[in-house]
Colleague: 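I'd like to ask some things about the structure below.
For the numbers below, each heavy atom of this structure counts, side chains included, while hydrogens, waters and symmetry mates do not. A, B, ... follow the sequence lines: proteins, then strands. Residue 1 opens every chain. Remember, predicted model here, so these are calculated numbers, not experimental data.
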Amino acid sequence: MTAQQDKDDERIGFLLDFMASYAKPVVVVAEDDESIGFLLNFMLTREGFDVLMATDGRQAKALIDEIPPPSMVLLDLMLPYADGFEVNAHIRSKPEWSDVPVIMLTGRSQERDIVRAFDAGVCDYIIKPFQPVELIARVRRHLKVKTAA
Amino acid sequence: MEFATSSDPIVNLVFWTGIAVIFIIIFMVPYVISLRYMLIREERRRKLFMDIWRPILIRSLESIPDVLPPVKKKDWPVLFNLWNHFHESLRGSAKDNLNEIARKAGMLEVAERLLKKSKVRPRFAAITTLGLLREKSVWDEIKDAAVDDHPSVSLAAMKALIRIDEERAMPFIIPLISARTDWPPARVANILHEASPHVICAALADAVLHSPELHIPRLIRYFETIACDSSTVVLRQVIEKFPTDAVLSACLHAFKSPDALDIVRKNLTHSAWHVRVQAVRALGRMGLIDDKYILINMLCDQQWWVRYRAAQALSSLPFISSADLDKIRDEQTDRYAKDILAQVIAEKRMV
């Protein structure tokens, strides 16, 4: 076994323990902007969620491969390596992730991007600049809908 | 070492050039190392500062802390950039709290000082902050910055003026956006979106009708991006006043409402091919069922671009299905019409 494999196994073990050890809902946040990522992490943690962060599309896809389905995914559209659409397609390609609500948070406000996102199965599309309180309310709302379903 | 004292001038020149290069390397290596060291130190200092201030700014969205840590002189630009970034990423009441913490931290006084600096970066950061704070007391200074030669400074100043007082800013800004050809149109359009639609639409409509002909196409592009309600009426007036090919092309590009279909149809036979291109594109955006026959005829135009846009327009009509497109292609007797439609059908299927 190589050192890299050991490292990977350790990381997967940590993530699985992390996910199994809480009763709180988990939100996966893929955001490359460090400050916005920090803000989302702070707000969601304060709201009672456990947050798993990915700072680029490749990392987000790797995280999705490693963990069981979370309660929600908050996805930036313009991510390095793989954009939000690609990450969303990766999520939707996994049957066990099919009912995970995905919210897109992005600076792209063009109609075609919004239509493309909804066609791709995204449940909400929030344009930056955004209202933090409104974002949290939307997250809560989508979780409620998911739980009710 | 005998060659060092050689009387041969070429040998001497090579020798002393070699010595000079060795000295340059001896001085340059430590210089590069020290630059690298300074950069790493600077980055580390910046990160430490961000680690302190990022949580403060984020927590301030909830409640303003009573005491703030002091900011060293060289850390101010980092705080400005961080604060500006948060301010531009958020909406609503979060901004009021950010404004309050900025005033409490003394950012206003520092920004006023930085505004007088000649360096671009501090000026840019200060102008942006003052705009976000909607600080009216520095109106004249920011107005001066709006005519700065550096596009980043002048664009930041234009944005700040709109944020501070959009109605007061318009009479000053509109002539500037016509004249400043060094300002990237996409950035100008983004900045104009900061203004309320009724304010910017009225100002642009007035400018489009009263500016010199040379500036009209550029202004129409901005008029188009704002999507004003009155655009069709104003553009009709512009076409009457300046019936040139360039103005006509720009207006056809800007038409979005079916109210303009008569002008669009009329210009499908215009002698300038670039006008015909814009006319077929406009017909693709707002054409009715019967317009499909006009577009089918345009597939035989002598200009490749007109044929291509006509085929694209035809394929984008909401009442034309893929099967309809195949049928239209098969019915074409003109070789060029058939080819261009086949190309657009293939492109559409690739997407």
Colleague: Could you check B/His85 against A/Asp33 for side-chain contact (heavy atoms from CB on, under 4.5 Å), going step by step and ending with a plain yes or no?
Modeller: CA-CA 10 Å; B/His85 182 55; A/Asp33 184 320; 2.4 Å; yes

Colleague: Any side-chain heavy-atom pair from A/Ser35 and B/Phe86 closer than 4.5 angstrom?
Modeller: yes

Colleague: Could you grab the distance from atom CG of B/Leu57 to atom CZ of A/Phe38, nearest 0.5 Å is fine?
Modeller: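 The distance works out to 10.5 Å.
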
Colleague: In this structure, are over 12 heavy atoms from other groups packed under 6.0 Å from B/Arg187 atom CZ?
Modeller: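 Enclosed.
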
Colleague: I need the A/Leu135 CG to B/Arg91 CZ distance, nearest 0.5 Å.
Modeller: 10.5 Å

Colleague: Using a 6.0 Å cut-off, check whether atom CZ of A/Phe118 has over 12 heavy atoms from anything other than its own residue.
Modeller: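 Yes.
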
Colleague: Are the charged groups of B/Arg54 and A/Glu34 less than 4.0 angstrom apart, N to O?
Modeller: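 Salt bridge: yes.
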
Colleague: Any chance CZ of B/Arg134 has more than 12 other-residue heavy atoms, nucleotides or ligands included, within less than 6.0 Å?
Modeller: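 Open.
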
Colleague: List the atom of A/Leu39, the atom of B/Leu90, and the distance in Å for their closest heavy-atom pair.
Modeller: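 Closest heavy-atom pair between A/Leu39 and B/Leu90: CD2-CD2, 3.6 Å.
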
Colleague: Give a yes or no on this: more than 12 heavy atoms of other residues, nucleotides or ligands lie within 6.0 Å of atom NZ of A/Lys94.
Modeller: yes

Colleague: If you count every heavy atom of other residues, nucleotides or ligands that lies below 6.0 Å from A/Glu111 atom CD, does the total exceed 12?
Modeller: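 At most 12 heavy atoms, drawn from other residues, nucleotides or ligands, come within 6.0 Å of this atom.
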
Colleague: Taking side chain as everything from C-beta outward and backbone as N, CA, C, O, which of these in A/Phe130 sits under 4.5 Å from a heavy atom of chain B? Side chain, backbone, both or neither.
Modeller: both

Colleague: CZ of A/Arg46 to CG of B/Leu61: how many Å apart, nearest 0.5 Å?
Modeller: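 Nearest 0.5 Å value for the CZ-CG distance: 9.0 Å.
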
Colleague: Do A/Ile36 and B/Ser89 come close enough that some side-chain heavy atom pair is under 4.5 Å?
Modeller: yes

